[in-house]
There are 2 protein chains.
Amino acid sequence: MQISEVAKKFGMTPDTLRYYEKEELIGPIEKGKNGIRNYTEKDMQRIQFVKCMRAAGLEISFLKRYIKLLDEGDNTIKERKEILVEQRRILKEKLDAMQEAYDKLNMKIDLCDKFSLRSSGRENK
Amino acid sequence: MQISEVAKKFGMTPDTLRYYEKEELIGPIEKGKNGIRNYTEKDMQRIQFVKCMRAAGLEISFLKRYIKLLDEGDNTIKERKEILVEQRRILKEKLDAMQEAYDKLNMKIDLCDKFSLRSSGRENK
DNA sequence: ATATCACTTGGAGTCAGCTCTAAGTTAATA
DNA sequence: TATTAACTTAGAGCTGACTCCAAGTGATAT
């Protein structure tokens, strides 16, 4: 599959895909003799993973480190787990902070509703 | 309360507090005749709010807009609610994406554990 | 043959959100 | 009185993650 098609499939730009490859989050992607990238099913699984993690705000430096270890094979599992556990911790903290903000937003929205009710109530007297 | 004290209280730097003030997320903070900021209880409530929202990733441009409306009074409630609802929607999407990544991380960590168990089991034969 | 199109590269530019620097003022301490 | 420390300002610099640009290549359509 060619770069623009893959980009479309994942809702990102070819630029971003090339950038991720340069940063070694994906690939290196095989190229035909014309120099054009041809993405395999496996490449796309990795893109899927990277996209998911990036959408959650995980840093590129982490992903790079992790994927390097992945490619090094089974004897990096212990280290990989440590990295994953650390990222999970960071992610959990962010999730909690966001949940707190979410609740606060909900409260504020409720207050707006209450205010509107009260004042429309007064109008109808 | 003086800037460095407030900064410490909220775990941020004086620079950030001055930056937020310049961007009109807080204040304007009253200054003594020496030109030094003196934060009131009300200022700090707003700092608290801004900090919470920023920690959840809400943009400064939104906070600025929202706080401007707040200061304009009751007849901006409808517009404020619209903004809040929109931000809630954005935040919800991010929360879901992060939850998905969180689950994926957990799965990967489980896989690491299983692998370690299996190989240590083999070792003990 | 020539134009169009999607691709390639290296490197520069952009953006949000801080973060730091330099130069200056003021109040308290040695 | 001189130093120190905490504050002030305007504005420059930094970081992460893209995003864009210019110049070039190669395959296809007219």
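All values below were derived from every heavy atom in this structure, side-chain atoms included, with hydrogens, water molecules and symmetry-related copies excluded. In what follows, chains are A, B, ... by sequence order, proteins preceding strands, each numbered from 1.
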Do the non-hydrogen side-chain atoms of [X] and [Y] ever get within less than 4.5 Å of each other?
X        : Y        : result
A:Tyr19  : A:Thr13  : no
B:Tyr102 : B:Lys104 : no
B:Lys9   : B:Met44  : yes

Atom pair distance, as rounded to whole Å: [atom1] in [X] and [atom2] in [N]:
X       : N      : atom1 : atom2 : result
A:Met1  : C:dA6  : CE    : P     : 16 Å
A:Asp15 : C:dT14 : CG    : P     : 15 Å
B:Ile60 : C:dC15 : CD1   : P     : 16 Å
A:Asn34 : C:dC7  : CG    : P     : 11 Å
A:Lys22 : C:dA12 : NZ    : P     : 11 Å
A:Leu17 : C:dC7  : CG    : P     : 11 Å
B:Arg54 : C:dA16 : CZ    : P     : 11 Å
A:Ile29 : C:dC7  : CD1   : P     : 14 Å

Fill in: Nucleotide range of DNA chain D lying under 4.0 Å from chain B heavy atoms
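So the contact region on DNA chain D extends D:dA6 to D:dT9.
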Under 4.0 Å, counting only non-hydrogen atoms across every strand here, what does [X] touch: a base, just sugar-phosphate, or nothing?
X       : value
B:Arg18 : base
B:Thr13 : nothing
A:Gln2  : sugar-phosphate

Fill in: Candidate nucleotides C:dT9, C:dG17, C:dC7, ranked by approach to the side chain of A:Arg37 - the nearest
C:dT9
Discussion item. Any carboxylate oxygen within less than 4.0 angstrom of a Lys/Arg side-chain nitrogen, looking at A:Asp96 and A:Lys92?
Written reply: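 Yes, this pair counts.
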Discussion item. Between B:Asp71 and B:Arg46, does any side-chain N to carboxylate O distance fall below 4.0 Å?
Written reply: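 Looking at B:Arg46 together with B:Asp71, the answer is yes, because their closest N to O distance falls below 4.0 Å.
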Worksheet item: Has A:Lys64 got its NZ or CZ under 6.0 Å from the middle of the six-membered ring of A:Tyr20, at an angle within 45 degrees of the ring axis?
Response: no
Response to the item:
Comparing nearest nucleotides in DNA chain D, the 5'-proximal residue of the pair A:Ser61, B:Pro14 is B:Pro14
Worksheet item: Please walk me through it: do A:Ile47 and A:Met12 pass side-chain contact (heavy atoms from CB on, under 4.5 Å)?
Response: CA-CA 10 Å; A:Ile47 291 167; A:Met12 51 213 309; 4.1 Å; yes
